[in-house]
*Asks:* 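My questions will all concern the structure given below.
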There are 2 protein chains.
Amino acid sequence: MVTKQFSGSPEDADLRRADSLAREIFSDVANKWALLIIEAMGEHTLRFSELRNEIEGISHKMLTQNLRMLERNGLVDRTVHPTVPPRVEYALTEAGRGLRRTVDSMCDWTHQYLGDIEDSRRRFDT
Amino acid sequence: MVTKQFSGSPEDADLRRADSLAREIFSDVANKWALLIIEAMGEHTLRFSELRNEIEGISHKMLTQNLRMLERNGLVDRTVHPTVPPRVEYALTEAGRGLRRTVDSMCDWTHQYLGDIEDSRRRFDT
DNA sequence: CGGGATCCCAGATGATACTG
DNA sequence: CAGTATCATCTGGGATCCCG
């Protein structure tokens, strides 16, 4: 996924395509807001405004933007209830829940090494 | 980690501090280049120029910048060999290897759902 | 309420040149 | 070779307003 070496053989064309697609997806998904949104959703079904409240510091724009992107990639289901005022609900798809598991482990990791990291920073900043 | 609700009680002060630190670390680490660097290093010890070659599309500046950040957080060890020309090698620390495991699973996830995501995108883009 | 469109600025990033 | 500094550029992202 990270490598750039391919032979010129034609059967590598598929690999190269898959690889660049993987990179594209990775670039979409590996960003702070996207991961925080996925983490915040968990197993719940949440409204736009609920997500906004759950995720500290996210702006209206970043939330919509990232939700669109996640929807496009099939990680999030968007359900519009035709009421007035409108009620829009978001939930993770199966693919989204799969990704959430890896985000969970990243959060676990963060807490596990919190102390070490804090120490390392202090040392570095001198 | 994602929640923003705390009571005003004093014993929550620690929690709030840990929480904001966790968020900070998460923001550092949850970005495309940092994760690609970690993934590229794997179990190897790599020189600056080797990393640059491994990671498609990364600029000199982004690489140094992210390496500094990873070093500061204690995820990467930097070894300077006092030769001429200089030889600088990078390797993951224990904490870094821990994070790499979660990045690995994220890569696995990407490949697992590659097809689904491609389909979802096609549907969405119409 | 959810979300699109617009404006605008700070900060991210690339290109280039210079140093030990 | 690795790293820093500078400059130019461009994009991310916030603020705001309007619409269904």
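Below, all heavy atoms of this structure are taken into account, side chains as well, without hydrogens, waters or symmetry copies. In what follows, every chain begins at residue 1, and chains take the letters A, B, ... in the order their sequences are listed. As the structure is a prediction and not an experimental result, all values here were calculated from the model.
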*Asks:* Please state how far atom CZ in Phe48(B) lies from atom C1' in dT4(D), giving the value in whole angstrom units.
*Replies:*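 The answer, rounded to whole Å, is 11 Å.
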
*Asks:* Distance check: side-chain N/O of Arg47(B) vs OP1/OP2 of dA2(D), anything under 4.0 Å?
*Replies:*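 Yes.
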
*Asks:* So that I can tick it off, tell me whether Arg121(A) and Asp28(B) are bridged by a salt bridge, with the cut-off set at under 4.0 angstrom between side-chain N and carboxylate O.
*Replies:*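 Result for this pair is yes, salt bridge flagged.
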
*Asks:* For the pair made of CG in Leu46(B) and C1' in dA2(D), what is the distance, rounded to whole Å?
*Replies:*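 It is 15 Å, rounded to the nearest whole Å.
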
*Asks:* Any side-chain donor-acceptor pair under 3.5 Å between Tyr113(B) and Glu94(A)?
*Replies:*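 Yes - a donor-acceptor pair under 3.5 Å links their side chains.
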
*Asks:* Any side-chain N or O of Arg52(B) under 4.0 Å from OP1/OP2 of dC1(D)?
*Replies:*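 The answer is no; no side-chain N or O of Arg52(B) sits under 4.0 Å from OP1 or OP2.
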
*Asks:* dG2(C), dC1(D), dG3(C): which one has an atom nearest the side-chain heavy atoms of His60(A)?
*Replies:*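 Nearest to the side chain of His60(A) among the choices is dG3(C).
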
*Asks:* Look for any protein N or O under 3.5 Å of an N or O in nucleotides 13-15 of chain C and output each such pair with its distance, or none.
*Replies:*
unit_1, atom_1, unit_2, atom_2, d
dT13(C), O4, Lys61(B), NZ, 3.4
dG14(C), OP2, Ser59(B), OG, 2.7
dG14(C), O6, Lys61(B), NZ, 2.6

*Asks:* Are Arg78(B) and dA2(D) close enough that a side-chain N or O sits under 4.0 Å from OP1 or OP2?
*Replies:*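 Checking Arg78(B) against dA2(D): no side-chain N or O falls below 4.0 Å of OP1 or OP2.
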
*Asks:* Contact between Phe48(A) and Glu89(A) at the side-chain level, heavy atoms closer than 4.5 Å - yes or no?
*Replies:*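 They are not in contact (no side-chain heavy atoms under 4.5 Å apart), so the answer is no.
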
*Asks:* Output the rounded distance in Å from CG (Leu67(B)) to P (dG3(D)).
*Replies:*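 These atoms are roughly 7 Å apart.
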
*Asks:* Below 4.0 angstrom from OP1 or OP2 of dG4(C), is there any side-chain N or O of Arg68(A)?
*Replies:*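 Result: yes.
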
*Asks:* Assess whether a salt bridge exists between Arg52(B) and Glu54(B), defined as any Lys/Arg side-chain N lying under 4.0 Å from an Asp/Glu carboxylate O.
*Replies:*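 Salt bridge absent between Arg52(B) and Glu54(B).
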
*Asks:* Between Arg100(B) and Asp104(B), is the closest basic N to carboxylate O distance under 4.0 Å?
*Replies:*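 A salt bridge is present here (some side-chain N lies under 4.0 Å from a carboxylate O).
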
*Asks:* Starting at CG of Leu51(B) and ending at P of dG3(D), how long is that distance when rounded to a whole Å?
*Replies:*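 Those two atoms, CG and P, are 10 Å apart.
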
*Asks:* Output yes when Glu118(A) and Arg17(B) qualify as a salt bridge under the 4.0 Å nitrogen-oxygen rule, no when they do not.
*Replies:*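 Yes.
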
*Asks:* Indicate, with yes or no, if Phe124(B) and Leu63(A) share a hydrophobic cluster defined by side-chain heavy-atom contacts under 4.5 Å among Ile, Leu, Val, Met, Phe, Trp and Tyr.
*Replies:*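 No; tracing contacts between hydrophobic side chains, which count when under 4.5 Å, never links both residues.
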
*Asks:* Looking only at heavy atoms, which two atoms of Phe26(A) and Cys107(B) are closest? And how far apart?
*Replies:*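 Taking every non-hydrogen atom into account, CE1-SG, 4.1 Å.
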
*Asks:* Please report the distance, rounded to the nearest Å, between CG in Leu70(A) and C1' in dG3(C).
*Replies:*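 Rounded to the whole Å, the gap is 16 Å.
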
*Asks:* Measure from CD on Glu71(B) to C1' on dG3(D) and round the result to the nearest Å.
*Replies:*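 Spelled out: CD on Glu71(B) to C1' on dG3(D) is 12 Å.
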
*Asks:* Return the value, rounded to whole Å, for the distance between atom NE2 of His81(B) and atom P of dG3(D).
*Replies:*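 His81(B) atom NE2 is separated from dG3(D) atom P by 13 Å.
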
*Asks:* dA12(C) C1' sits how many Å from Asn31(A) CG, rounded?
*Replies:*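 After rounding, the gap between these two atoms is 14 Å.
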
*Asks:* Any side-chain N or O of Thr64(A) under 4.0 Å from OP1/OP2 of dG4(C)?
*Replies:*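 No, because none of the side-chain N or O atoms of Thr64(A) sits under 4.0 Å from OP1 or OP2 of dG4(C).
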
*Asks:* Between Glu50(A) and Arg47(A), is there a side-chain N and carboxylate O pair less than 4.0 Å apart?
*Replies:*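 No.
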
*Asks:* Which residues within residues 82-92 of chain A lie with some heavy atom under 4.0 Å of an atom in DNA chain C?
*Replies:*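 Listed by number, they are Pro85(A), Pro86(A), Val88(A), Tyr90(A).
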
